[in-house]
There are 2 protein chains.
Amino acid sequence: MKYGGYNSGRRSCFVIDRLSKKDRHKRLVQLIDENPFVTDRELTRQLKVSIQTIRLDRMELGIPELRERMKQMAEHSYDQVRSLSLEEVIGDVVDLQLDKSGISIFEIREEHVFSKTRIARGHYVFAQANSLAVAVINDEIALTSSADIRFLRQVKLGEKCIAKAYVRNIAGQKAKVEVFTYVSDEMVFQGNFVIYRSAGE
Amino acid sequence: MKYGGYNSGRRSCFVIDRLSKKDRHKRLVQLIDENPFVTDRELTRQLKVSIQTIRLDRMELGIPELRERMKQMAEHSYDQVRSLSLEEVIGDVVDLQLDKSGISIFEIREEHVFSKTRIARGHYVFAQANSLAVAVINDEIALTSSADIRFLRQVKLGEKCIAKAYVRNIAGQKAKVEVFTYVSDEMVFQGNFVIYRSAGE
DNA sequence: CAAATATTAGAACCTGGTACTAATGTTAAG
DNA sequence: CTTAACATTAGTACCAGGTTCTAATATTTG
């Protein structure tokens, strides 16, 4: 096979279509990042080197083989789906006295904040309170009818929100639930919910 | 090999540890559902049949091999992660006149409803309205300060929510935004938002 | 030039299968 | 009882997409 010329060291390349080892590694990482489903064979075409080189490169870079990459993604998504389907309620309900009160904890993660400011999007804070307000009502069907809410201070990435719900009164189809959300001792959110319920029980 | 005895037809089994074909199929589906990462070899242990039987069963049931299952899960999660990271805002903003009005569309899917009733959880409907109310404000930083909301009618699985936001007035750090959400021509949600903004611009 | 490094080639082996052929076990129907 | 139909098992060849190893060759640098 005719070589285009080596250029792995400090010398410049004299053929365009062959990259230095460093550059090839960068490109390799980039290609796999763009498309994790690419095989080594496909990579040989993109990088114009032998399949052995691709494999040595993956070794050096600690990039696992295609099947292992797929397995990891599959496991990741499996965990996510499981936690997501469990996450019918936003936040972990840690205490619940039906028709009386409840407490839930919710940690603000990357996906909950504005990327610019790292401040939580309001609807996540609301979602925790709303979930709890619905959960605390001891009824087959409980739906939010209306709410009056105040965001008292910004909640930042990494902060743990502790929501406390109190059922203020139940009359027929309507229940009034008050929710206060705290970060440590500071109140960050307050909401008055009217929850519609299926009357029974 | 000693047979425990067949029982695929209408006859009863006379050995406990061997299931009829139908029951084995059920169990097989169940096992793979519980753990999609199970190999055929592991299944032979659980079901006490040969690996060929397992493979014939998978064929009949249209269950792909382990690697194919993992690939599908990986692809699924890849799509999800990509769409999720784009989904900073709940709902698709289809029209936006900054500091004036905006429209967004949001379809209620499985993950947004109570599994029992198939009625949308309130916080998703709220999230769409809240996202839009924040988006419509032409400012570097815009955060929900308070809101007064009404859920006028239940929104069901599959329904398309069309939210329309109108900026009512802007004074200093506070902007008032009114949002109405419709399913076809019916109003299902109404909210008055007070949005805090960084004053500038 | 020689040593060091980079690249390529090739063979053996692995997992978790598919596809196919064939034998054997079991049951129901004639 | 026999036979056809179905269920199960066994075994072989083959595949993708690798790993692991040895060895040869190319290129660069000292």
Side-chain angles (χ1 to χ4, degrees), chain A residues 1-15 17-28 31-32 35-75, chain B residues 1-15 17-28 31-32 35-75:
Chain A
M1 186 190 181
K2 199 169 170 285
Y3 267 56
Y6 274 38
N7 47 8
S8 51
R10 9 233 173 268
R11 292 240 176 274
S12 66
C13 58
F14 48 90
V15 159
D17 68 352
R18 178 153 300 192
L19 300 160
S20 76
K21 196 177 180 180
K22 248 189 179 173
D23 289 346
R24 194 184 58 233
H25 279 194
K26 274 189 193 170
R27 186 88 187 105
L28 186 72
L31 283 168
I32 292 177
N35 175 23
F37 299 96
V38 70
T39 61
D40 288 359
R41 203 164 302 277
E42 283 176 73
L43 288 167
T44 61
R45 282 174 220 139
Q46 309 257 346
L47 296 173
K48 315 274 186 197
V49 289
S50 73
I51 204 159
Q52 281 80 359
T53 303
I54 298 289
R55 285 168 180 172
L56 282 171
D57 285 356
R58 272 201 299 98
M59 293 246 154
E60 285 183 54
L61 294 166
I63 299 171
E65 60 165 302
L66 167 60
R67 284 164 174 172
E68 192 51 40
R69 295 197 301 269
M70 291 200 303
K71 190 183 178 187
Q72 282 173 16
M73 293 177 73
E75 278 168 345
Chain B
M1 186 185 179
K2 198 169 171 287
Y3 265 56
Y6 272 41
N7 46 10
S8 52
R10 7 236 173 266
R11 291 240 176 271
S12 65
C13 57
F14 48 91
V15 159
D17 69 352
R18 178 151 303 190
L19 300 160
S20 75
K21 194 176 179 179
K22 249 191 179 173
D23 289 347
R24 194 184 58 233
H25 279 194
K26 274 188 192 171
R27 186 90 186 102
L28 186 72
L31 284 169
I32 292 177
N35 175 21
F37 300 95
V38 70
T39 61
D40 288 357
R41 203 164 301 279
E42 282 176 72
L43 288 167
T44 62
R45 283 174 219 138
Q46 307 259 347
L47 297 174
K48 315 274 187 201
V49 288
S50 72
I51 204 157
Q52 282 79 1
T53 304
I54 299 289
R55 287 168 180 173
L56 282 171
D57 286 356
R58 273 201 299 99
M59 292 247 158
E60 284 183 54
L61 295 167
I63 298 170
E65 60 165 303
L66 168 59
R67 284 165 173 171
E68 193 51 39
R69 296 197 299 270
M70 292 200 301
K71 190 182 176 187
Q72 283 172 15
M73 294 176 72
E75 278 169 345

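So you know, we letter chains A, B, ... as the sequences are listed, proteins then strands, and number each from 1. The structure presented is a predicted model; accordingly, all values stated were derived computationally and were not measured. FYI, side chains are in, hydrogens and waters are out, and symmetry mates aren't considered; it's all heavy atoms of this structure.
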K.L.:
With heavy atoms under 4.0 Å as the rule, sort A:T39 into base, sugar-phosphate or nothing.
P.N.:
sugar-phosphate
K.L.:
For A:Q72, give me all partners under side chain to side chain donor-acceptor pair (under 3.5 Å), at least two apart in sequence or on another chain.
P.N.:
none
K.L.:
Tell me what B:M70 touches on the nucleic acid: a base, only sugar-phosphate, or nothing, going by heavy atoms under 4.0 Å.
P.N.:
nothing
K.L.:
Going by the side chain to side chain contact (heavy atoms under 4.5 Å, CB included) test, name the single residue among A:I51, A:L31, A:N35 that passes it with A:L43.
P.N.:
A:L31
K.L.:
Across the strands shown, which category fits A:R69 at heavy-atom distances under 4.0 angstrom: base, sugar-phosphate, nothing?
P.N.:
nothing
K.L.:
Hey, are the side chains of A:V38 and A:Q46 touching, using non-hydrogen atoms and a 4.5 Å cut-off?
P.N.:
no
K.L.:
Within the structure shown, what part of the strands sits under 4.0 Å from B:R58 by heavy-atom distance: base, sugar-phosphate, or nothing?
P.N.:
sugar-phosphate
K.L.:
Send over the distance from A:K21 NZ to C:dA6 P, rounded to a whole Å.
P.N.:
4 Å
K.L.:
Specify the separation, in whole Å, of atom CD1 of B:I51 and atom P of C:dA19.
P.N.:
15 Å
K.L.:
Who passes salt bridge (charged side-chain N to carboxylate O under 4.0 Å, His left out) against B:D57, sequence neighbours left out?
P.N.:
B:R24
K.L.:
Going by the ring-ring contact (aromatic ring centres under 6.0 Å, His included) test, which pairs reach into residues 37-72 of chain A, not counting sequence neighbours?
P.N.:
A:F37-B:Y78
K.L.:
Using a heavy-atom cut-off of 4.0 Å across all strands, would you classify A:R55 as base, sugar-phosphate, or nothing?
P.N.:
base
K.L.:
Starting at CD of A:E42 and ending at C1' of D:dA16, how long is that distance when rounded to a whole Å?
P.N.:
12 Å
K.L.:
How many Å lie between CG on A:L47 and C1' on C:dA6, as a whole number?
P.N.:
15 Å
K.L.:
Could you identify which residues of residues 60-68 of chain A place a heavy atom less than 4.0 Å from some atom of DNA chain C, listed by residue number, or say none?
P.N.:
A:R67
K.L.:
Can you tell me how far C1' of C:dA6 sits from NZ of A:K48, to the nearest Å?
P.N.:
20 Å
K.L.:
Between B:I54 (CD1) and C:dG16 (P), how many Å, whole number?
P.N.:
15 Å
K.L.:
Below the 4.0 Å mark, does C:dT15 have OP1 or OP2 next to a side-chain nitrogen or oxygen of B:R41?
P.N.:
no
K.L.:
With a non-hydrogen cut-off below 4.0 angstrom, is B:L56 in contact with a base, only sugar-phosphate, or nothing?
P.N.:
base
K.L.:
Once you round it to whole Å, what is the distance between C1' of D:dG11 and CD of B:Q52?
P.N.:
8 Å
K.L.:
In whole angstrom, what separates B:K71's NZ from D:dA16's P?
P.N.:
13 Å
K.L.:
Would you mind listing every salt bridge (charged side-chain N to carboxylate O under 4.0 Å, His left out) that reaches into residues 61-73 of chain B, with sequence neighbours excluded?
P.N.:
none
K.L.:
Taking only the side-chain nitrogens and oxygens of A:T53, find out if one of them lies under 4.0 Å from OP1 or OP2 of C:dT8.
P.N.:
yes
K.L.:
The side chain of B:M59 is closest to which nucleotide in this list: C:dG10, C:dA19, D:dT9?
P.N.:
C:dA19
K.L.:
Would you please name every residue forming a side chain to side chain donor-acceptor pair (under 3.5 Å) with B:E42, sequence neighbours left out?
P.N.:
B:T39
